[in-house]
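Order of the sequence lines sets the chain letters (A, B, ...), proteins ahead of strands, with each chain counted from 1. From a predicted model like this one, the values you see are computed outputs, not experimental measurements.
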Amino acid sequence: MKRLAVVLAVVVGVGALGLAQVEIEFWHAMRGGHLETLERITARFMEENPDITVTLVGKGGYGDLNTALIAAVAAGDPPTMAQFYEDWVAAAYKDALMPLDGLIPEDVLADIPEALLRTGIFDGVLLTIPFNKSTLILFYNTDLVAEPPKTWEELLELARALTVDEDGDGTPDRFGFGLRPYAEMFTTFFWQAGGQFYNEDMTECTINSEAGLRALNFLLELKATSLYQSGYLSGPFGSGLVAMYIGSVAGIPYVARAAETGGVSWNTAVLPKGPVNNDSVYMGTNVGVFALGSSEEERAAAVKYINFLLSPWAHLEWAKGTGYIPFRHSVITSPEWQAYMEEDPTRVAVTEQAFHGFGYPIHPESYSIRGVWGDMLEYVLLGEMTPEEALEWAVEVINTEYLGG
Amino acid sequence: MPANTSGRDRRREKSRRLRRHFYRYYRWAWRGVLYVIIAASLAIMLLPFAWMLSTSGKTLGEAMRIPPVWIPREQVKVEVAGQQLPLYRVELEGETRELALLERARGLGVFVDPHQPEQRFELPLEVARPVRRIRFRWENFVVAWNMAPFDRYFLNSFFLAVTTALGGVITSIFAAFAFAKMNFWGKNWLFYLLIGTMMIPGQMLLVPNYITIKQIGWYNTYQALIIPWIATVFGIFLLRQFFRTIPDELWDSAQIDGCSRFRFLWQFVVPLSRPALVTLFLFRFIGSWNAFLWVLIMTRDDALRTVPVGLFTFSGEAGTDYHLLMAAATMAMAPLVLLFLVAQRQFIQGVARTGLK
């Protein structure tokens, strides 16, 4: 009897050691349906790994998350993992993050588009992995647009044809296009025109080029037939006021709801092709693991969780539940995703666009530089500067204030 | 002479009457202009509130429509052969008819007469105008309430607002009394130094404060949300200004009657300063009620979070659910409006007597 008790105690003890709980915190900026999907995926991970507890800690929007991370790193006690924009890492967290080289299976890395993977590589070291990635996409009203435009010229022509002023009061009753002034509207068209953002050693901004002029002039022409507003365009599009607009794929759920109440039929298409390509900028964040303040067990658990997020099941669930782009080639070509696209045709173009993208060159001042690009676009579209003046102004500000020229 | 005098008097009287008339009309005109300005200012200030209230009963599509929709409506649906179909108004052969939309494709719609379902018409969708009726969507409040643990958030907001406001008032009473009624070495310099700290933006102190809170082990606790906020420089300044209006002779006579400083403070100064105390309580309550970044940074658990953090649930990176956000904002604002209505008189007196603007 005594011996049995000892054996039982040993078994229980070993079991308890084997199942020693590791708790990791994941600081994120997900909300609403995005958060619900993340919670569902995380619950499944914990079910499969009962020795790991992942605590999802929402830290508001991206700006608030970065403020919280700066404070936590300064206190030497950051969470085990978090979401990061590339420029945050370059500016503040490069030394605090754990290199992920060799910890993510090679076949998984080879499955991710190179341009997307590059957003997580800093000085040749893989520090973060793509997580909630989005691209721009064309939304169009299928009652008004039979065939989505394939080129810039077709887009302009169609936008002009669809702009209607029925009562002749000078204000269109329907706009062919919706235009929201933010940096990505310029950078995407600039890239499509063959532009390069910086010189090779990133000491000079090179947007003051033929491509820069083409992009700004095109956007200026487009504005003449557009509803121009700084707010999201899902509402005006869903109510039928706007026939087409270019926006983030993360806006799909909002468009779907607005279009349902407005009784508008819609679909998505890949971006119209510019002089060189039809790429979209990759937006959204990556995930990384802090080496600072975490134990070896916590880091190992976080890597396991990241690998789970990249697993076919989780990747598929994430893309389906959030609208973010699926970026693993094997997942996109899987029968499950193909069946899903048949169910939801708006995802066909999203999937195609996922492989036509580019990432910004990584620079610690990217956030501020992006702000200058956005201001420049607004100055042009509001008629405060000509495209030439605006490009010159932006380059001067970026070179002197952020690139140390 | 008398005739001349009476003539002069008449002229004087006439001129006086004219002046009186002119003055009266001038006063009326000026008052009219004043009322127009006040009414316009009031309209400008109330417009966002009106939009908030109206949007809380709209659909997302209505909330984002340009030009704005002020009265929420819904499209009327009719039952045709067991199906609920949207109703449209269509001009057909010079006659306006109400038809239900059966199918749509490529800009064309198949319409059906609800009373004669066998009659079908294929028409361009552009000629059809939806039939709408007024409908305020009260269910938005229920949906918004259920999208986050708002019961907990409201409880936390009340608890934190009351404790920080009370704490702030109590600590400010002592400090303000010292600055207003006591004499000690370096009093003015200390006061200026204290006032000077108001110039430092809160965001700048966030990181050092976070490190302090972490090091004393208060991260993710109520202490972190209450203790740092029960000392308020603004409160000390506000009450000092008010206490200075209480005559020193009162303290002199109290002293003659053997009153201690502490008793004088609680039995004379505090009751006399009720408007200022209520004003400070309101300011602190509103400040705490609206606190967002501090709560977000200093806590990890949802159980410790407050209403403003909950309001963030409705904004995403590609859009905002304005109708739900406005429903939640209406609920979040209601306690503040109620509190202001209750304490209105004291609040206005407090603001007027301390010279605050």
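Across A:Arg31, A:Glu25, A:Arg174, A:Met30, the residue that shares the most heavy-atom pairs under 4.5 angstrom with chain B is A:Arg31. Ranked by heavy-atom pairs under 4.5 Å with chain B, the first of A:Pro253, A:Gly263, A:Ala258, A:Gly284 is A:Gly263. For the set B:Ile297, B:Thr299, B:Thr212, the count of heavy-atom pairs under 4.5 angstrom toward chain A peaks at B:Ile297. Of the listed residues (A:Gly238, A:Gly58, A:Ala68, A:Gly247), the one with the most heavy-atom contacts under 4.5 Å to chain B is A:Gly58.
Residues B:Ile211 and A:Ala71 come closest through the heavy atom pair CG1-O, 4.4 Å.
For A:Tyr367, the OH atom counts as loosely surrounded, since its 6.0 Å shell holds 12 or fewer non-hydrogen atoms of other residues, nucleotides or ligands. Within 6.0 Å of the CE atom in B:Met198, the count of heavy atoms belonging to other residues, nucleotides or ligands exceeds 12. By the neighbour-count criterion of 12 heavy atoms within 6.0 Å, atom CZ of B:Phe49 is sparsely surrounded, having that number or fewer from other residues, nucleotides or ligands.
At a 4.5 Å heavy-atom cutoff, A:Met283 makes no contact with chain B through either its backbone or its side chain. For chain A, the nearby parts of B:Leu296 are the backbone and the side chain; heavy atoms of each come within less than 4.5 Å. Contact annotation for A:Ala72: both backbone and side-chain heavy atoms come within less than 4.5 Å of a heavy atom of chain B. Heavy atoms closer than 4.5 Å to chain B are found in the side chain of A:Tyr62, but not in its backbone. Neither the backbone nor the side chain of A:Glu260 comes within contact range of chain B; no heavy atoms are under 4.5 Å apart. Looking at A:Asn132, the atoms closer than 4.5 Å to chain B (heavy atoms on both sides) all sit in the side chain, from C-beta outward.
To the nearest 0.5 Å, atoms CG (A:Asp77) and NZ (B:Lys214) are separated by 3.5 Å.
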